[in-house]
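The block underneath contains the structure these notes are about, expressed in structure tokens.
These values consider heavy atoms only, across backbone and side chains, with no hydrogens, waters or symmetry-generated copies. Computed from a predicted model, the values in this text were never measured in an experiment.
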Amino acid sequence: MPELPEVETVRRMIAAHVLGRTIARARTSGLALRGPVARDLPRRLAGRTLTGARRVGKYLLLDLDGELTLLSHLGMSGVWRFWEEPPAERLEHVHARLAFRDGGLLVYQDPRRFGLLELHPTAALARHPALRALGPDPVADPPTGERLRALARGARTPVKPFLLDQRRIAGIGNIYASEVLFRARVSPRRRAGTLTRAEWDAVARETVATLDEAIERLGTTFRTYRNLWGEPGAYGERLLVYDREGEPCRSCGRPIRRLVQAQRSTFWCAHCQSAARATGRPRRSRSR
DNA sequence: ATCCTATCCTGTAGGC
DNA sequence: TGCCTACAGGATAGGA
């Protein structure tokens with residue numbers, strides 16, 4: 001669900017509106033998310049002041065005074081919501097509820113419970129296995145074609161699942177992987193190790209451009225994603241291939257196709273993303 | 001090492 | 001209408 005642009009949107013909103021507030025009371029649901037949520041989380045959060053909001057890949061890091069950090073991942077269906085005062089409506093699937101002394105309320109909701117909530121000493125995060133395994137964040141540390149090509153050397157995995165692997169680049173998910181490859185004119189089926197330097201240059205360039213544009217539009221709402229105010233992201237209307245099976249390619253007009261790679265849908269244009277076009281050779285010679 | 005598969009969980013859309 | 005299946009933005013353990 002939430003990929004880098006969606007998490008970044010929420011991070012910015014929390015940084016702008018929730019920083020500096022002090023937690024009066026915290027509650028958890030008692031249900032496990034991706035892993036168990038510590039039973040003493042509410043007690044350890046009470047009295048803490050939110051001092052920072054950081055992001056690494058798809059992870060959101062909420063810094064608290066006392067050198068503590070609440071590590072959060074939204075999984076497929078997680079959302080952080082904020083209200084200046086508790087809403088009248090009944091909230092479903094709430095797994096964390098942070099009530100601030102000034103009346104504000106920060107809530108984590110996650111129906112599918114693939115998310116993650118852990119409290120760690122800030123200094124210990126550098127040793128956190130999930131964070132340590134992450135590749136560079138493409139916003140903080142933009143990829144280059146050269147680096148990607150070196151990473152992919154010998155890789156037989158198709159390039160689309162390759163981009164989804166957070167150990168190589170942290171933050172690209174299923175929507176933006178398809179979008180980036182379409183914009184780079186690279187077929188999702190190509191084995192990562194076979195892309196040329198020029199193709200990796202295009203992938204690196206389009207990764208940064210796509211994520212930047214999506215952040216600017218507050219992310220993509222495919223189904224459940226909402227920002228801190230419960231609003232959907234506006235990048236959905238800009239999607240070129242994702243969830244557009246059968247609809248005309250915005251570049252050549254041929255139908256967008258769907259295929260399944262590593263159990264995930266991939267959307268692409270077989271014409272615009274053919275190897276022949278990528279290398280500048282016409283697919284079929286029309287020469288006299 | 002590398003790659004693919006199944007799995008965690010709930011909600012929803014579409015076919016019949 | 002209801003029932004059933006497939007699928008959904010992610011990560012990861014296990015097997016080949």
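Nucleotide B/dC9 has no partner under the Watson-Crick or G-U criteria, as no pair reaches both atom distances under 3.5 Å. Base pairing of B/dA1: no nucleotide in any strand meets the Watson-Crick or G-U wobble criterion (both distances under 3.5 Å).
Of the listed nucleotides (C/dT12, C/dG10, B/dC9), B/dC9 has the atom at the smallest distance from the side chain of A/R112. When each of C/dA8, B/dT5, C/dT12 is scored by its nearest atom to the side-chain atoms of A/A262, the top-ranked nucleotide is B/dT5. Closest to the side chain of A/T157, out of B/dT10, B/dC3, C/dA11, is B/dC3.
Nucleotide C/dA8 holds its P atom 18 Å from the CZ atom of A/R226, rounded to whole Å. Spacing between atom CE of A/M76 and atom P of B/dT7 amounts to 16 Å, rounded to whole angstrom units. Here the C1' atom of nucleotide B/dC8 and the CG atom of A/L74 are 17 Å apart, to the nearest Å. A straight line from CZ of A/R258 to C1' of B/dG14 spans 14 Å, rounded to a whole angstrom. Distance CZ (A/F222) to P (B/dG11): 17 Å, rounded to an integer number of Å. Atom CZ in A/R167 sits about 9 Å away from atom C1' in B/dT2, given to the nearest Å. Rounded to whole angstrom, the span from the NZ atom of A/K160 across to the C1' atom of B/dC3 amounts to 15 Å. Distance, A/L33 CG to B/dT7 P: 21 Å, rounded to whole Å.
Listed pair A/Q166 / C/dG10 fails the phosphate criterion, with no side-chain N or O lying under 4.0 Å from OP1 or OP2. Distances shown here put a side-chain N or O of A/H73 below 4.0 Å from the OP1 or OP2 atom of C/dA11. For A/H93, no side-chain nitrogen or oxygen approaches OP1 or OP2 of B/dC9 to under 4.0 Å.
A salt bridge does not link A/D137 to A/R54: none of the charged nitrogens lies less than 4.0 Å from a carboxylate oxygen.
Around atom CZ of A/R197, more than 12 heavy atoms belonging to other residues, nucleotides or ligands sit under 6.0 Å away.
With hydrogens and angles ignored, no donor-acceptor pair closer than 3.5 Å exists between the side chain of A/R264 and the base of C/dA8. Evaluation of atom-type donor-acceptor distances gives no pair under 3.5 Å for the side chain of A/R113 against the base of B/dC9.
Heavy atoms of A/A155 sit under 4.0 angstrom from primed sugar atoms or phosphate atoms, though from no base atom. Looking at heavy-atom distances under 4.0 Å, A/S265 makes contact with sugar-phosphate atoms alone, never a base. Within the nucleic acid shown, A/Q263 comes within 4.0 Å of at least one base atom, counting heavy atoms only.
With a 6.0 Å cutoff to the six-membered ring centre and a 45° limit on the axis angle, A/R55 does not count as a cation-pi contact of A/Y59.
Taking the 5.5 Å centre cut-off and the 30° plane limit, the aromatic side chain of A/F114 is not classed as stacked on B/dC9.
In this structure the side chain of A/L105 reaches within 4.5 angstrom of the side chain of A/P87, judged on heavy atoms. When side chains are defined from C-beta on, A/Y235 counts as touching A/Y176, because their heavy atoms get closer than 4.5 Å.
Distance noted for atom P between C/dG14 and B/dC9: 16 Å (whole Å).
The aromatic rings of A/F162 and A/W200 lie tilted to each other, with the angle between the two planes from 30° to 60°.
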